[in-house]
Amino acid sequence: MHPSKKFTFGAVPTLLLLFALILSACGGSTSTTPPSSGKAPAAQQIFNFPEAAIADIKTFDPALATTQTSLNAIYMVFTGLVGLNDQLDVVPQMAQSWQESSDGMTWTFKLKSGLKFSDGTPITSHDFAYSIDRALQPSLNSPASPSYLNLIKDNDKLLAGKIKTIINDSLLTPDDNTLIIKTNKAASYFLDTLTYPTAYVVEKSLIDKYGTKWTDHLTEGGGDGPFKVQQYTHGQNIVFVPNPNYYGAKPQLSKVNFLFIKDAETAYKDYQVGTIDQAAVPIAHLAEAQKLTAEYHKIPVLSIFYYGMNFLAKPFNNLKIRQAFELAINKDAIIKAIYKDVETPTNHIVPEGMPGYDPNLKGPDGTTSTAGNSTMAKQLFLEGMKEEGYASVSALPAIKFSYPSGSQDTDNEVAAVVQQWQNVLGVSVKPAAIDFETLSAQQPQTVGNASLQFFYAGWGDDYPDPQDFLTLQFAKGSPNNQTNYGQNTSADASTQQQTQQQLVLADTMTDKTARTQAYNTAEQQLVNDVAWLPMYQLARSRLLKSYVHGVVYNAQDFFTPDMWGNVYITSH
């Protein structure tokens, strides 16, 4: 997950619950095994948590976060005005209350009393104004803020350097306890956007003292969430301890240890010997993991994994060639062979279980099938090559498919799909495994250019609104638009641009039924255009030690700050 919240592939894709039940299951899977013994002493209240398939997080700065691995750490230390609960409803965090103006363009937030940073410094409305303004400063060059804070009035002027600040413009602080935010339009999802870390509070004095290296000094303060950083050893681990100044229920754990582990297989073995308390389950070990009924958890996730074809990179500038590449894939066969049917093959961009999901959506061949259509794929491929002047397959530009390293399951998936392209289209595609954080950093750089031709990615919801999967990904000028949809000179570019306009219009609709229909229509066109090549909807399959209690997994696949007050370890 783009300036996007990308998912680490080391957290291996897993068993999918029936998504017809996802809304009722959003509360997630919880460690509910009754304790066989009493609560462990403080010295044993340690939760060892793996970050698999990465050498380190990309950033600890809330304003710069774009990957799930970074977000996992940020959610431990930072919060904002509002957040999402385990049902993905917007709930108060540091805001006590809020009020929306009659025109929907002015929001007044009242803060909770006694808020403090982890070093004891009071938090006021001025800290919120500073943090949001900082996230939009052009000098910071945030890959995420232009997407998540784009409803704030004059954000575009600030990003363009036309004004120096939006404080006392669209961010007002009439007193220490009140923050007023003015927006550029009424939008039903405005509060949802503030749940993303770009709106979280950071401590100005720490940033003034250390500049761009301030997150290396979080042991001194700077945070406001349930934990603070006790130690951060790059490339090895992050140790979190309870924040004594946290405004919510204090953690019962004495320590949470994030460990960077090279791959999912190693993490699984570490779990077996007891050095970590949670692990993703590689498909090869699924059967044995499922036998651990007190430890095995199946978590449906609102996430789509997809292949991105850059519309500015030949031969993917051609619609028929893009469609041929999608229809050449038998998604059903790949999911069955590689993931043992633990994932759900899909043609969708908006996942099932999200508001706005369209059960009637069709693939590029006009059917709901996810088994591919080799006959149509071959026909479209030949027509596309003719349109582009390729006399034969050998005349095609070399095609490199970049995907994240660190998971044998992903390696196997890519090998299988490359073989299908060879069998159906006669095309040789070169797979290139790249470190997850490296690849996720390259993807935003492809906006407006052909630097990354063909890549594997995943997007999980930031908030439960179809705008997060549609407008945020494909609108004109969106930094998430990494396939350059509508931002190209292909023959069908005008159709793409009309769809972009429809998305922006849908964002502002107040009639829920009309808004959903507008999104459905736009999504169908995006699928026809192969703006993404969706492969499957994700679920997580995890093992959690039965002596860990109170952990709740939800459909967004993150731990809420409110959860930590209920997590504890029993003697074992």
Side-chain angles (χ1 to χ4, degrees), residues 1-4 146-147 150 156 304 306-327 329 346-350 356 358 360-366 376-377 380-381 383-389 397 399 443-457 459 466-509 515-535:
M1 165 353 340
H2 323 328
S4 42
S147 296
N150 66 351
D156 51 342
I304 298 292
Y306 65 92
Y307 304 161
M309 291 180 274
N310 190 336
F311 286 37
L312 291 175
K314 294 180 179 296
F316 300 124
N317 59 307
N318 184 276
L319 170 61
K320 292 178 179 177
I321 290 177
R322 294 193 303 272
Q323 292 174 331
F325 265 75
E326 173 154 10
L327 294 174
I329 302 173
T346 189
N347 296 322
H348 290 253
I349 294 172
V350 176
D358 181 6
N360 300 313
L361 181 136
K362 306 294 193 300
D365 64 344
M376 183 176 287
L380 288 167
F381 190 60
E383 291 175 1
M385 286 203 302
K386 183 177 180 180
E387 290 175 359
E388 297 302 317
I399 299 175
Q443 287 165 359
Q445 297 171 9
T446 202
V447 176
N449 63 71
S451 60
L452 198 60
Q453 181 190 29
F454 196 12
F455 56 90
Y456 194 155
W459 179 260
Q467 185 270 347
D468 186 53
F469 276 86
L470 298 174
T471 317
L472 191 63
Q473 311 305 320
F474 305 108
K476 179 181 179 180
S478 171
N480 290 345
N481 190 356
Q482 294 158 15
T483 60
N484 291 297
Y485 184 80
Q487 299 167 185
N488 56 76
T489 58
S490 62
D492 57 316
S494 60
T495 299
Q496 299 166 30
Q497 290 159 7
Q498 290 174 10
T499 303
Q500 289 177 314
Q501 293 169 8
Q502 292 168 5
L503 288 172
V504 174
L505 179 61
D507 289 351
T508 61
M509 290 182 175
R515 185 170 183 254
T516 297
Q517 183 57 58
Y519 280 134
N520 289 167
T521 300
E523 182 187 12
Q524 183 63 71
Q525 188 61 53
L526 289 164
V527 169
N528 294 343
D529 294 336
V530 198
W532 282 357
L533 194 170
M535 278 296 294

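On a predicted model such as this, the values are computed, not experimentally measured, just so you know.
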Strictly by modelled atom types, are [X] and [Y] linked by a side-chain donor-acceptor pair under 3.5 Å?
X: Asn318; Y: Glu387; value: yes
X: Gln487; Y: Asn481; value: yes
X: Thr521; Y: Gln517; value: yes
X: Glu388; Y: Asn317; value: yes
X: Asn520; Y: Gln524; value: no

Sub-4.5 Å side-chain heavy-atom contact between [X] and [Y]:
X: Phe381; Y: Leu327; result: no
X: Leu526; Y: Phe469; result: no
X: Ile329; Y: Tyr307; result: yes
X: Tyr485; Y: Val530; result: no

For the residue pair [X] and [Y], what are the closest heavy atoms and their distance?
X: Pro466; Y: Gly356; result: CG-CA, 4.3 Å
X: Tyr306; Y: Pro534; result: CB-CA, 3.9 Å
X: Asn449; Y: Ser451; result: OD1-OG, 2.6 Å
X: Ala506; Y: Tyr519; result: CB-CE2, 3.6 Å
X: Lys314; Y: Pro397; result: CB-CG, 3.9 Å

Checking the side chain of [X] only, and the main-chain atoms of [Y] only, is there a donor and an acceptor separated by less than 3.5 Å?
X: Gln453; Y: Asn310; value: no
X: Glu523; Y: Ile349; value: yes
X: Gln525; Y: Gln496; value: no

Residues Asn150, Asp156; criterion side chain to side chain contact (heavy atoms under 4.5 Å, CB included); working and verdict: CA-CA 7 Å; Asn150 66 351; Asp156 51 342; over 6 Å; no
Stepwise side chain to side chain contact (heavy atoms under 4.5 Å, CB included) test for Asn347 and Lys362: CA-CA 7 Å; Asn347 296 322; Lys362 306 294 193 300; over 6 Å; no
How long is the gap from [atom1] on [X] to [atom2] on [Y], to the nearest 0.5 Å?
X: Asp529; Y: Phe311; atom1: CG; atom2: CZ; result: 6.0 Å
X: Leu503; Y: Lys476; atom1: CG; atom2: NZ; result: 14.0 Å
X: Thr346; Y: Ile304; atom1: OG1; atom2: CD1; result: 5.0 Å
X: Leu380; Y: Glu326; atom1: CG; atom2: CD; result: 11.0 Å
X: Thr471; Y: Gln500; atom1: OG1; atom2: CD; result: 10.0 Å

Aromatic ring pairing Phe316/Phe454, orientation class (parallel under 30°, perpendicular over 60°, tilted between):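 Tilted, since the angle between the ring planes falls between 30° and 60°.
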Side chain to side chain contact (heavy atoms under 4.5 Å, CB included) between Leu472 and Gln467, intermediate numbers included: CA-CA 6 Å; Leu472 191 63; Gln467 185 270 347; 4.2 Å; yes
Step-by-step side chain to side chain contact (heavy atoms under 4.5 Å, CB included) determination, Arg322 to Thr483: CA-CA 12 Å; Arg322 294 193 303 272; Thr483 60; over 6 Å; no
Residue among Thr489, Asn484, Leu452 satisfying side chain to side chain contact (heavy atoms under 4.5 Å, CB included) with Leu312: Asn484
